[in-house]
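Comments concern the structure below.
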Amino acid sequence: MAAIKKAAKAAKAAKAAKAATAKAAAATKKNGSARAKAAAKKSGSAQATKKAKVIGAGELAALVGIAYKPTLKSSEVQRLRRALPGYINLLDDVAELVEEDADVLRVKDVSPDDLLRVQAAHKELSAREAVLEAVYMSAYHQRLVLDHEGIGMLQKVARRITALAEDHPDMPLRYKSLLDFLSTFRGGGRPAKGAAPGQAAVAEEG
């Protein structure tokens with residue numbers, strides 16, 4: 001009987017030890033997984049930072065296959081002929097007619113090859129322009145969202161400072177640059193002389 005009890009006790013102890021070992025293994029696995037996730041997140045952040053390198057305009061132009069040229073002045077743009085809707089589709093038809101009537105027309109600086117060259121170059125450039133415009137609009141809208149977020153946080157801080165002004169009169173002075181900034185731009189001009197800092201900003205956000 002004593003031997004049976006002893007064996008049962010030993011089995012119970014072995015079972016408890018096995019459970020403790022399994023628990024420890026699970027904890028180690030969990031910690032290892034957490035460390036792996038943290039390392040992966042850090043690595044991903046580093047890769048994102050690496051990918052965030054800004055390339056120059058010339059590099060971007062070469063990447064999409066166009067020549068990078070200086071932009072025109074506004075006066076130069078105004079002197080350009082206005083493109084009529086659908087004109088690009090007429091170029092090949094007119095090129096064919098000009099070739100047939102070359103002896104009669106004799107239009108200076110206009111040849112069938114010139115017409116077809118402009119049509120082909122226009123189609124290629126328009127396709128690349130559409131890609132660049134899509135990228136630009138994406139970046140532009142992302143920047144607008146960041147502006148919305150940044151201005152919103154500054155406005156929240158300003159409202160909180162104004163709410164605490166009575167109990168903490170030093171706070172508006174400490175944040176005077178922020179309050180005056182919001183008053184200037186959100187209020188449509190500089191605060192009136194003698195107005196409390198941030199007054200216009202608070203009224204605007206009211």
Between Leu178 and Ala158, the two heavy atoms sitting closest are CD2-N, 4.3 Å
Any side-chain heavy-atom pair from His141 and Tyr136 closer than 4.5 angstrom? no
With sequence neighbours left out, what residues match His168 under side chain to side chain donor-acceptor pair (under 3.5 Å)? none
Are Leu125 and Leu90 co-members of a hydrophobic cluster defined by side-chain heavy atoms under 4.5 Å apart? no
Restricting to non-hydrogen atoms, name the atom on Arg128 and the atom on Ile66 that form the minimum distance, rounded to 0.1 Å. CD-CG2, 3.3 Å
With no hydrogens and no angle check, just 3.5 Å: does a side-chain donor-acceptor pair link Ser111 and Asp114? yes
Over all heavy atoms of both residues, which pair between Lys176 and Asp180 is shortest? Give the atoms and the distance, please. NZ-OD2, 2.6 Å
Arg82 vs Tyr87, side chain to side chain contact (heavy atoms under 4.5 Å, CB included): CA-CA, chis, key distance, verdict: CA-CA 11 Å; Arg82 184 169 60 90; Tyr87 90 95; over 6 Å; no
Side chain proximity check, Leu115 to Asp92, heavy atoms < 4.5 angstrom: no
With a cut-off of 6.0 Å (strictly less than), are more than 12 heavy atoms of other residues, nucleotides or ligands near CD of Glu100? yes
Is a side-chain donor or acceptor of Glu59 paired with a backbone partner of Gly56 at a separation under 3.5 angstrom? yes
If you draw a 6.0 Å radius around CD in Glu76, do more than 12 non-hydrogen atoms from other residues or ligands fall strictly inside? yes
Do Leu132 and Leu60 have side-chain heavy atoms sitting under 4.5 Å apart? yes
Say you draw a straight line from CZ of Arg159 to CG of Leu164; how long is it, rounded to the nearest 0.5 Å? 13.0 Å
Are any side-chain N or O atoms of Arg143 and backbone N or O atoms of Tyr140, one a donor and one an acceptor, separated by less than 3.5 Å? no
Indicate the ring-plane relationship of Phe185 and Phe181, choosing parallel, tilted or perpendicular according to the 30° and 60° boundaries. tilted
For the residue pair Thr162 and Pro172, establish whether any side-chain heavy-atom pair is separated by less than 4.5 Å. no
So CG of Leu72 and CD of Gln78: to nearest 0.5 Å the spacing works out to 11.5 Å
Taking the side chain as C-beta and beyond, is there a heavy-atom pair between Val107 and Val98 under 4.5 Å? no
So if I apply the side chain to side chain contact (heavy atoms under 4.5 Å, CB included) rule between Leu91 and each of Asp93, Val94, Ile88, which one comes out positive? Ile88
Val145-Ile151 co-clustered via ILVMFWY side chain contacts under 4.5 Å: no
Any residue meeting side chain to side chain contact (heavy atoms under 4.5 Å, CB included) with Ser138, in chain and number order, not counting sequence neighbours: Gln142
So how far is it from Glu99 CD to Leu116 CG, rounded to the nearest 0.5 Å? 8.5 Å
How long is the straight-line distance from CE of Met153 back to NE2 of His148, given to the nearest 0.5 Å? 10.0 Å
State plainly whether the residues Asp113 and Arg117 are in salt-bridge range, i.e. N to O under 4.0 Å. no
If I take atom CE from residue Met171 and atom CG from residue Leu179, how far apart are they, to the nearest 0.5 angstrom? 10.0 Å
